[in-house]
> 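Sending over a structure as structure tokens; questions will come in a sec.
A, B, ... follow the sequence lines: proteins, then strands. Residue 1 opens every chain.
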Protein chains: 2
Amino acid sequence: MKEIPVQDLSLSKTFQTYQKKFKALADERRLQIMHQITQQKEVCVCDLSDTMALPQSKLSYHLKILLDASLIKKETRGTWSYYSLNEEEVNHLLSEELCCLFRHD
Amino acid sequence: MKEIPVQDLSLSKTFQTYQKKFKALADERRLQIMHQITQQKEVCVCDLSDTMALPQSKLSYHLKILLDASLIKKETRGTWSYYSLNEEEVNHLLSEELCCLFRHD
DNA sequence: TTAATTAATCAAAAAAAATTGATTTAAGGA
DNA sequence: TCCTTAAATCAATTTTTTTTGATTAATTAA
């Protein structure tokens, strides 16, 4: 039997949430994706596949990580999936100085 | 011979810098460390080793990652190493709403 | 000088994340 | 219906990160 060395369980939960968000941002390709989404408001996988020269499966993989961290939003129209910035979440997380790079004002 | 599909090399460099910082924050233990450093102003490895119930080598490993990302600073006095928040860097990166958790005002 | 303390580093193993190419799903048009 | 397109998912492999325990380095005190 091992003791769990956590004083504050809710704080631990908070850290886990932020860990997930920072992990999503901890990749150069995903930062590029974030940047492009920030610039273009709305982007589909095929657009990104062109501009970033990445295969579709890789993009879907990275987009899912950003989506699961609630940093971006997804809307499906027809066969297309459109991704956009989750401004509320991003602005909560990142400084205003990172505006234009990864967040809007 | 492969072409490098990067339009803006300086932008790519910027992304690499942020990738490193977000990678440093992408771990629950390191967020705990950041939190404790934020609270206490200054902390040595043995302090953290006690409060976080982690072996010394693991702590040194994680502290190095935060240090290399310039999120914390280190000062050696005698045989002790004291770590403190790099407020400038952290405030540049994180939102004001994360104040008290991982940054000062 | 020797012993004790603090912390960094190292190499090997384990765990987690990313890549790859293929397959599957779903929508739309011929 | 059949074919095409867009994108998600999957399994196997590769790469990266983390853990572990031991060793090393440096400082201080006896």
> How long is the gap from CG on A/L85 to OG1 on A/T38, to the nearest 0.5 Å?
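It comes to 4.5 Å.
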> Does B/L59 offer a backbone N or O that forms a donor-acceptor pair with the side chain of B/R29 under 3.5 Å?
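Not at all, since once roles are kept as given, no pair shorter than 3.5 Å links the two residues.
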> Can you tell me the distance, in whole Å, between the CD atom of A/Q56 and the P atom of C/dT20?
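Rounded to the whole Å, the gap is 14 Å.
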> Which residue pairs pass the salt bridge (Lys or Arg N to Asp or Glu O under 4.0 Å) test when at least one of the two sits in residues 65-85 of chain A, sequence neighbours left out?
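Non-adjacent pairs meeting salt bridge (Lys or Arg N to Asp or Glu O under 4.0 Å): A/E42-A/R77, A/K64-A/D68, A/E75-A/R77.
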> Under the 3.5 angstrom rule, does the side chain of B/S49 hit a backbone N or O of B/P55 as a donor-acceptor pair?
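Such a contact is absent between B/S49 side chain and B/P55 backbone.
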> Measuring centre to centre across the rings, with the benzene-like ring taken for any Trp, is A/F15 within less than 6.0 Å of B/F102?
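Under 6.0 Å, so yes.
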> Could you tell me how far apart B/M52 (CE) and C/dA7 (C1') are, to the nearest whole angstrom?
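Rounded to the whole Å, the gap is 16 Å.
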> What is the 5' to 3' range of DNA chain D, first to last nucleotide, that sits under 4.0 Å from any heavy atom of chain B?
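So the contact region on DNA chain D extends D/dT17 to D/dT28.
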> Just by modelled atom types, is the A/T17 backbone N or O under 3.5 Å from a matching donor or acceptor in the B/E28 side chain?
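Answer holds: no.
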> Within this structure, what is the CD-to-C1' distance between B/E28 and C/dA15, rounded to whole angstrom?
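Computing the B/E28:CD to C/dA15:C1' distance gives 16 Å.
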> Which comes earlier along DNA chain C counting from the 5' end, the contact point of A/A26 or that of B/K58, where each point is its nearest nucleotide?
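It is B/K58 whose nearest nucleotide is closer to the 5' end.
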> What does B/Y83 touch in the nucleic acid at a heavy-atom separation under 4.0 angstrom: a base, only the sugar-phosphate, or nothing?
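Contact class for B/Y83: sugar-phosphate only.
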> Using whole Å, report how far CG of B/D27 lies from P of C/dA15.
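That distance rounds to 16 Å.
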> So does A/R30 get a side-chain nitrogen or oxygen closer than 4.0 Å to the phosphate oxygens (OP1/OP2) of C/dA18?
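Yes, because at least one side-chain N or O of A/R30 sits under 4.0 Å from OP1 or OP2 of C/dA18.
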> A/L25 has an atom CG; how far is it from atom C1' of C/dA17, in whole Å?
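In whole Å, C/dA17 C1' and A/L25 CG are 16 Å from each other.
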> Where along residues 60-78 of chain A does a heavy atom come under 4.0 Å from DNA chain D, residue by residue in number order?
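Residues of residues 60-78 of chain A that come under 4.0 Å of DNA chain D are, in numerical order, A/S60, A/K64, A/K74.
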> If the test is side chain to side chain donor-acceptor pair (under 3.5 Å), which one of B/E96, B/H104, B/R103 qualifies with B/N91?
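For B/N91, the side chain to side chain donor-acceptor pair (under 3.5 Å) check succeeds only for B/R103.
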> C/dA26, C/dT9, C/dA22: which one has an atom nearest the side-chain heavy atoms of A/S57?
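Side chain of A/S57 sits closest to C/dA22.
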> Nearest-nucleotide wise, let me know which of B/C46 and A/K23 is further upstream toward the 5' end of DNA chain C.
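Upstream on the strand: B/C46.
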> What pair of heavy atoms forms the shortest contact from A/S70 to A/K21, and how long is it?
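Heavy-atom minimum between the residues: CB-NZ, 3.9 Å.
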> Can you check the A/Q19 CD to C/dA16 C1' distance for me, whole Å?
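Computing the A/Q19:CD to C/dA16:C1' distance gives 11 Å.
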> For B/L31, does its backbone N or O pair with a side-chain atom of B/Q36 as donor and acceptor, under 3.5 Å?
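Not confirmed, B/Q36 side chain does not pair with B/L31 backbone.
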> For C/dA8, does OP1 or OP2 lie under 4.0 Å from any side-chain N or O of B/S81?
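Yes, such a contact exists.
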